[in-house]
Amino acid sequence: MSQTWTLSLNTLKDAIPLSQYSVWVQPLKALESASTLSLLAPNNQVKDYINKHLKKQIKHAVAQHNKNLQIFIGVAPNVSSKPSAYKQHSTPLFEDYTFDNLVLGSANQMAYGATKQIAENIKGSPYNPFIIYGGSGLGKTHLMQAAGHLAKAQNPNLKVLYVPLMDFVRNITSSLRHNTIEDIKLFYQSADLLLVDDIHLIAGKEKSQEEFFHIFNFLFNGKKQIIFTCDQPPKNIKTLEERLKTRFSQGLNLHLTPPELEMRAAILLKKSQNEKINIHLTEDVALFIAAHITSNVRDLEGALLKLKAFVDFTKIGQTLISKEIIETALGDLIKPKINSVDINDIQKEVAKHYALTISDLSSKSRKQHTVLARQMAIYICHELSSLSLNKIGKQFGNRDHSTVIHAIKKIKEKLLESTEIKNDYEIIKLKLAHL
Ligand code: ADP
Ligand code: MG
């Protein structure tokens with residue numbers, strides 16, 4: 001029960017006739033959050049009567065006890081006939097999606113900073129609405145929920161609602177059937193912080209857009225914070241009503257980009273220590289995986305899980321996770337990237353690394369430095385491309401396949417003997433994986 005409402009009831013009892021009080025006011029159920037007081041009538045008749053005849057007195061009475069509350073008057077959901085529907089209007093936040101569990105890097109620095117600032121200042125943020133957009137698996141949901149956790153930690157009374165967009169659409173659709181649209185709206189409008197995930201999915205859903213527009217305006221006008229995630233800048237969404245686009249673009253729109261190499265490695269290291277994964281990676285090995293899996297964080301997590309399964313099932317020791325083991329464990333995750341490397345790219349990167357030109361690699365020069373670079377390029381082409389020995393030879397000044405075999409053998413030996421050459425090899429591969 002809301003404390004403000006209990007006090008307000010006493011005030012109202014003295015302010016209005018007892019018959020009015022007991023018939024219309026007493027049956028109201030009150031829900032109080034940091035900034036709103038929702039008064040739920042048992043049916044539409046009571047709601048309409050209150051709106052018409054008693055709203056002013058109620059507002060006045062509540063203001064005497066708490067000036068900061070916005071009042072909503074609606075109908076209580078019919079709990080007995082639809083027991084679970086009301087609860088499903090929003091989804092609890094995932095426990096792990098906190099700021100503490102996010103790795104910070106240049107890809108998310110700005111979005112991270114803005115989200116934190118907004119969450120710390122939920123009532124006075126100038127960034128409303130706030131939209132985090134970017135590709136799949138880059139941490140949009142995580143960041144948005146981190147805002148929810150932080151805002152709630154700062155003020156436990158705050159009403160934080162998290163809604164994946166498709167749940168919203170389903171709720172709207174079912175409420176149209178059950179004639180409960182007003183309750184749904186009331187529910188969302190009671191939020192102090194509304195988090196709507198994957199707002200782009202509202203494209204083309206006209207009825208949902210319309211209802212959303214009203215909820216949005218209500219919250220926005222009541223200075224409630226709204227955060228969206230989206231897979232693209234909202235202004236690019238086709239079949240999104242202009243008035244929604246305009247509203248969205250009035251706020252702060254920030255882009256999450258794929259993490260760069262070092263950040264990917266840092267994410268792998270952090271997640272590998274998580275109790276659910278719990279495998280030991282060296283920095284070197286993390287960089288190696290990160291160099292090959294460049295798409296998004298979700299794929300990095302997939303790789304770690306696969307590696308964990310490999311470690312568990314083969315029972316290799318924790319300390320033994322080497323690059324060779326990674327290649328075996330993650331074979332098909334790593335190979336597609338390698339196969340896509342073009343022979344011209346390899347020649348370009350090798351030439352650049354050794355400060356030579358591409359034509360030096362195909363020339364007849366027998367200078368030691370040039371020979372090493374040529375052999376290295378041939379070795380990497382053999383490793384990364386599916387070309388035959390003959391075809392590789394052709395690309396290096398029409399050399400025959402025995403020269404190619406010789407080059408491969410030479411580099412194989414040198415990789416074992418010389419850390420300097422092994423370093424050359426790894427740097428070039430890293431660059432190729434990063435193209
Ligand atoms: P999106 O909503 O953009 O598709 P998610 O928020 O679901 O992506 O993130 C996918 C996974 O990657 C989640 O498990 C999330 O915890 C993780 N993740 C994303 N970014 C980071 C990061 N910077 N640090 C740690 N984990 C991250
Ligand atoms: Mg998401």
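Whatever order the structure lists ligands and atoms in, that order sets their numbers, starting from 1. When a residue number appears, it is its place in the shown sequence, counting from 1.
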Problem set entry | Minimum-distance protein heavy atom relative to atom 26 (N) of ligand 1 | K271 NZ, 2.9 Å
Exercise. Should we count NZ of K59 as having more than 12 external heavy atoms under 6.0 Å?
Worked result: no
Problem set entry | Protein heavy-atom partner closest to atom 7 (O) of ligand 1 - residue, atom, separation in Å | R298 NH2, 3.0 Å
For this session: Would you mind checking which non-hydrogen protein atom is closest to atom 12 (O) of ligand 1, with the distance to 0.1 Å?
Result: V297 CG1, 3.2 Å
Problem set entry | Residue pair Y112, F99: steps toward the ring-ring contact (aromatic ring centres under 6.0 Å, His included) verdict | CA-CA 8 Å; Y112 183 105; F99 278 108; 5.2 Å; yes
Problem set entry | Geometric class of the Y354/H369 ring pair [parallel <30°, tilted 30-60°, perpendicular >60°] | perpendicular
Exercise. Taking everything shown except K394 itself, do over 12 heavy atoms lie less than 6.0 Å from its NZ?
Worked result: no
Problem set entry | Closest approach of any protein heavy atom to atom 16 (O) of ligand 1, naming residue and atom | H142 ND1, 2.6 Å
Seminar exercise, completed: Residue, atom and distance of the protein heavy atom nearest atom 11 (C) of ligand 1 read E301 OE1, 3.4 Å
For this session: Could you find the nearest protein heavy atom to atom 8 (O) of ligand 1 and give me its residue, atom name and distance?
Result: G139 N, 3.0 Å
Seminar exercise, completed: Quick note on ligand 1: atoms under 4.0 Å from a heavy atom of N108 include exactly 23 (N)
For this session: Taking both backbone and side-chain atoms into account, decide whether T141 has an N/O/S atom under 2.8 Å from the Mg ion (ligand 2).
Result: yes
Exercise. Hey, is CE on M110 packed in by over 12 heavy atoms from elsewhere, all under 6.0 Å?
Worked result: no
For this session: Starting from atom 25 (C) of ligand 1, locate the nearest protein heavy atom and write down its residue, its atom name and how far away it is, to 0.1 Å.
Result: N101 O, 3.4 Å
Exercise. Is Q189 reaching over with its side chain to a backbone N or O of F218, donor-acceptor style, under 3.5 angstrom?
Worked result: no
Exercise. For atom 23 (N) of ligand 1, what's the nearest protein heavy atom and its distance?
Worked result: V103 O, 2.9 Å
